[in-house]
Structure formats: C-alpha cells, structure tokens
*Asks:* 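Handing you this structure, nothing more for now.
Each chain gets a letter, A, B and so on, in the order the sequences are listed, and its residues count up from 1.
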Number of protein chains: 2
Amino acid sequence: MDAVASFMDQWSQERPDLDVTPMATIGRLSRMAALIQQRIDGVFAQHDLQSWEFDVLASLRRSGKPYSLTAGELDRTMMITSGTTTHRITRLEARGFVERVRDEDDRRVVHVRLTDDGRRACDAVHGVHLDNERAILALMGDEDRVKLTDGLVALAQALGDVPPAAPRR
Amino acid sequence: MDAVASFMDQWSQERPDLDVTPMATIGRLSRMAALIQQRIDGVFAQHDLQSWEFDVLASLRRSGKPYSLTAGELDRTMMITSGTTTHRITRLEARGFVERVRDEDDRRVVHVRLTDDGRRACDAVHGVHLDNERAILALMGDEDRVKLTDGLVALAQALGDVPPAAPRR
DNA sequence: CTCCTGTATCTTGATATCAAGATATACAAC
DNA sequence: GTTGTATATCTTGATATCAAGATACAGGAG
C-alpha cells in the first residue's frame, strides 16, 4: 500500500461520488518525480553543485562544440522562464562556469558559452549522477522498468513534448 | 522523437563513453511531471486557487470529519518542510479556508481544521480537476496508460513511498 | 529613411520554498 | 521535583522561481 493508494482509499470513503482513478497515475507521477529529485539533489550537493546548475551545464555540454546556446534556447530546453535563465546564467558566470557573449550580427542575442572549468565540472559529476539514477531504477524489476519507460514514452508523445526547435541560420 | 530522446541522441555523440539510458526513464518522468503540473496549475488558476492551496484543502478533506490534521501531519503528507507548512496555513487562514486550533493536551500541537468555506472551495473544484487529469490521460492509449500506472506502482514500492504514519492516541 | 511590429533578453516585485535555528512543551530518568 | 532529551511548531534569512513590463534590436512595408 503506497501513499497514493492510501489517499485514493480515503477519497472513496469521503467522496464515493468522485472517480479518482486519474490519481493512480498522475498522483504517483508527481510524487515519484519529487522523491527522485530529492535523491538527485543529494548527489549533486555532495559535489558542491545544485541540480539547476547541472541542468544548465549539461544543456550546453550536450549541444557539442563550441558548447554554446543562446539564452532563449536555454529557456526552452529547460522549460523555465527568461527571468530564471538570466538569474542562472549570472550565478554560473560568477562561478566561472559559463560566459556571456553578445552576438555580433544580432545584438539582442546572448550566447552562453561553457568555460573549460564549466565543462570539467559537468563531466566530473556526470558519471556519478548517472550511476545514482541507475541505482534508483535498479530497485525495480526489469519488467516494471520497461513498462514504466514505455508508458512515459507514450505520454511524452501524447503531450507533444518535442525538442525545442533548432535555431535558423 | 520526443525531447528526452533528442537529448539522449546528443549525449551519444558527445559522451559515447557514458550510458545515459537512465534518462529514458527518469528524464522523462520529471519532464512529464512538470508538463502536467503546468496544465493542472492552469485549471486551478481559473478557479482562483493555487495548486498548493488545493493540496492543503484536499489533504484535510480526505482525512474525513472533523477535517483536521496537525501541522506535522500536513508536512509529511505533502512532503514539504515545516516552514512551508506554517506559511501555507497562514495564507489559507487569511482566506478563511482553514483555522488553527491549539491542542488542549499537548500545547505544542496545532490542529489545522477545514472551515465550511474551505470544504466548499475544495469540493467545488475537485470534479473539474479530476476531469482535467482524465482528459490528459485520455490522450494516451489504454494499454500504455496501464503500463505507465503499473510501472509507477512498482516504483513507489521500490522507493518505499508509504503513507505517513497515523497519529498515536 | 521612417515607422511598425515582432523578438531576445533583462529588470522588477512578489512569493513559495528550504535549511537552520529558536521557542515551547512533553516525557522519561533519576 | 529536576534535569535532560526529544518533539512540534514557528521564525529568520537566503534563494529560486515566475509574471509582467522594460529595453534594445531586427526586419519588413511604404
């Protein structure tokens, strides 16, 4: 009996007129995301990094050389607002992990470029982070893990979660 | 090709030495949770409510008469820290949706009780909220939804997500 | 060229959250 | 009883986030 199952039982007592079956899926989805995030935060904290910092560094890192994205591209990749992106860049710039480079052709655009220090910080923790995620998933059986992944792929499709459009050149 | 699949492709180019398969599950899990949360927030906003406000009201509502939990019980049910609970109670008290009642036997304890207004607010939006969740899930096929739910149940079990212990009397 | 509209980023103000510590109370051991 | 330890809530300070608006620039229409 997990937490969400218990909540659903309570509702069947208190509001038998409501069909709370969506909670079985969506309630657990958000709870599991929160629980896993706590574990992930813990691993990054051991390496003097916040999860949001790794998100930025990893977004730049995986974009390939020259490890540079515009502020707007970061907005869309990380699903955050532009104000938050500004704040994140500023803090990472202060740590020396990224630098701002104004676009020469379009002066509105800011290119955020990973520094060598930033790349090192990202690469140094990436393996540990993935091992942690692997260990979490290893707690489930193979069959269930496949079901979960298949279901999430279908959900991503259903919600139209496409990657942010590449910049037009 | 969803966003996470695209990210994994990028990693296979940039860091072919890393096995990023955990992203297929955990990356999608957190992304889907965030996307769904946005839709849920929108529905509550249309009814002049924040998601966290509904969380509190619903926690109290489903506990049954007299619709009362202690601050600590709310901490554990909602997976938030005690400072956040204090803040939430204060704001909901100002809206007249809950009231604080000091325990007579143990003066440290605060009972948070749903008012009639609070119960009405919760019940009024609950149906719409569930319809919204149902509509989201209806975007996937039945088979995939079952797989997803089964996988999440297994994950909750694996992470030991038990309901918060009932108070000892 | 000038105007207009759209776009990219940043700023501002409000707020939700957490970590750490403060306060008040209960309870057990002596 | 007194003392010490554990518990429940609240306070404080820092910070991450968002919404809305400001600023700066681009690019097309005339």
*Asks:* Taking 4.0 Å as the cut-off, does a side-chain nitrogen or oxygen of T84(A) come that near to OP1 or OP2 on dT17(D)?
*Replies:*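 Looking at the OP1 and OP2 atoms of dT17(D), neither is under 4.0 Å from any side-chain N or O of T84(A).
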*Asks:* Of all the nucleotides listed (dT9(D), dC18(D), dC18(C)), which has the minimum atom distance to the side chain of I80(A)?
*Replies:*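 Nucleotide nearest to I80(A)'s side chain: dC18(D).
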*Asks:* I want to verify a distance call: between dT9(C), dC10(D), dA19(D), whose nearest atom is closest to the A71(B) side chain?
*Replies:*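 Selected nucleotide (nearest to the side chain): dC10(D).
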*Asks:* Using whole Å, what does the distance between atom P of nucleotide dA24(D) and atom CZ of R102(A) come to?
*Replies:*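 After rounding, the reported distance stands at 10 Å.
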*Asks:* Nearest whole angstrom, please: distance from the C1' of dT9(D) to the NE2 of H111(B).
*Replies:*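 So the two atoms are 13 Å apart, to the nearest Å.
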*Asks:* Using a 4.0 Å heavy-atom cut-off across all strands, classify D41(B) as base, sugar-phosphate, or nothing.
*Replies:*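 Here D41(B) touches no strand at all.
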*Asks:* Quick one: I89(B) CD1 to dC10(D) C1', roughly how many Å, whole number?
*Replies:*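 In whole Å, dC10(D) C1' and I89(B) CD1 are 10 Å from each other.
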*Asks:* Just N and O in the side chain of R108(B): are any of them under 4.0 Å from OP1 or OP2 of dC10(D)?
*Replies:*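 For dC10(D), OP1/OP2 do not have a side-chain N/O of R108(B) under 4.0 Å.
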*Asks:* Would you mind telling me which residue lines up with the more 5' stretch of DNA chain D, S82(B) or R107(A), judged by nearest nucleotide?
*Replies:*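 Nearest nucleotide further toward 5': that of S82(B).
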*Asks:* Check this for me, if you would: do D150(B) and K147(B) make a salt bridge, where the nitrogen-to-carboxylate-oxygen distance has to be below 4.0 angstrom?
*Replies:*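 No.
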*Asks:* Can you tell me which nucleotide in dT17(C), dT11(C), dT11(D) comes closest to the side chain of R88(B)?
*Replies:*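 Selected nucleotide (nearest to the side chain): dT17(C).
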*Asks:* Holding to side-chain hydrogen bond (donor to acceptor under 3.5 Å, both in side chains), I want the full list of residues that pass it with R88(B), two or more places apart in sequence or in another chain.
*Replies:*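 Counting only residues at least two positions away or on another chain, R88(B) forms no side-chain hydrogen bond (donor to acceptor under 3.5 Å, both in side chains).
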*Asks:* What's the verdict on salt bridge (Lys or Arg N to Asp or Glu O under 4.0 Å) for R113(A) and E99(A), showing C-alpha distance, side-chain angles and the deciding distance?
*Replies:* CA-CA 5 Å; R113(A) 213 168 64 78; E99(A) 48 191 22; 2.6 Å; yes
*Asks:* Expressed in angstrom and rounded to an integer, what is the separation of D75(B) atom CG from dT7(D) atom P?
*Replies:*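 Taking atom P of dT7(D) as the reference, CG of D75(B) is at 14 Å.
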*Asks:* Figure out the CG/P separation between L74(B) and dA8(D), and round it to whole Å.
*Replies:*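 Taking CG of L74(B) and P of dA8(D), I get 13 Å after rounding.
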*Asks:* Describe the nucleic acid contact of R91(A) in one word from base, sugar-phosphate, nothing, applying a heavy-atom distance below 4.0 Å.
*Replies:*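 It contacts sugar-phosphate atoms only.
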*Asks:* Taking all non-hydrogen atoms of both residues, which atom of D2(A) and which atom of A156(B) are closest, and how far apart?
*Replies:*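 In terms of heavy atoms, the two residues are closest at OD2-CB, 3.2 Å.
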*Asks:* Provide, to the nearest angstrom, the distance between the CD atom belonging to Q50(B) and the P atom belonging to dA19(D).
*Replies:*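 In whole Å, dA19(D) P lies 10 Å from Q50(B) CD.
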*Asks:* Please give the angle, rounded to 10 degrees, between the axes at the start and the end of the helix from dC1(C)-dG30(D) to dC30(C)-dG1(D), where five pairs define each axis.
*Replies:*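 For the helix from dC1(C)-dG30(D) to dC30(C)-dG1(D), the axes at either end differ by 0°.
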*Asks:* Determine, step by step, whether T115(B) and D117(B) satisfy the side-chain hydrogen bond (donor to acceptor under 3.5 Å, both in side chains) criterion, reporting the C-alpha distance in whole Å, the side-chain angles of both residues, the deciding distance to 0.1 Å, and the verdict.
*Replies:* CA-CA 5 Å; T115(B) 63; D117(B) 267 10; 5.6 Å; no
*Asks:* When the distance from CG of D103(A) to P of dG27(D) is rounded to whole Å, what number comes out?
*Replies:*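 Distance check: D103(A) CG to dG27(D) P gives 10 Å.
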*Asks:* Measure the distance from NE2 on H87(A) to P on dT11(C) and round it to the nearest whole Å.
*Replies:*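 Nearest whole value for this atom pair: 12 Å.
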*Asks:* Cut-off 3.5 Å, no hydrogens considered: what does the side-chain donor-acceptor table look like for residues 38-47 of chain A, sequence neighbours left out?
*Replies:*
residue	atom	partner	partner atom	Å
D41(A)	OD1	Q37(A)	NE2	2.9
D41(A)	OD1	S51(A)	OG	2.5
H47(A)	ND1	V43(A)	O	3.1

*Asks:* Base, sugar-phosphate, or nothing for G72(B), non-hydrogen atoms under 4.0 angstrom?
*Replies:*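 G72(B): backbone/sugar contact only, no base atoms under 4.0 Å.
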*Asks:* Give the C-alpha distance, both sets of side-chain angles, the deciding distance and a yes or no for salt bridge (Lys or Arg N to Asp or Glu O under 4.0 Å) between R15(A) and D123(B).
*Replies:* CA-CA 9 Å; R15(A) 293 293 308 268; D123(B) 289 351; 3.1 Å; yes
*Asks:* Using 30° and 60° as the class limits, which term best fits the ring planes of H126(B) and W11(A): parallel, tilted or perpendicular?
*Replies:*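 Plane angle over 60°, so perpendicular.
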*Asks:* Please state whether the phosphate of dC10(D), meaning OP1 or OP2, lies under 4.0 angstrom from any side-chain nitrogen or oxygen of R100(B).
*Replies:*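 Answer is yes, contact under 4.0 Å.
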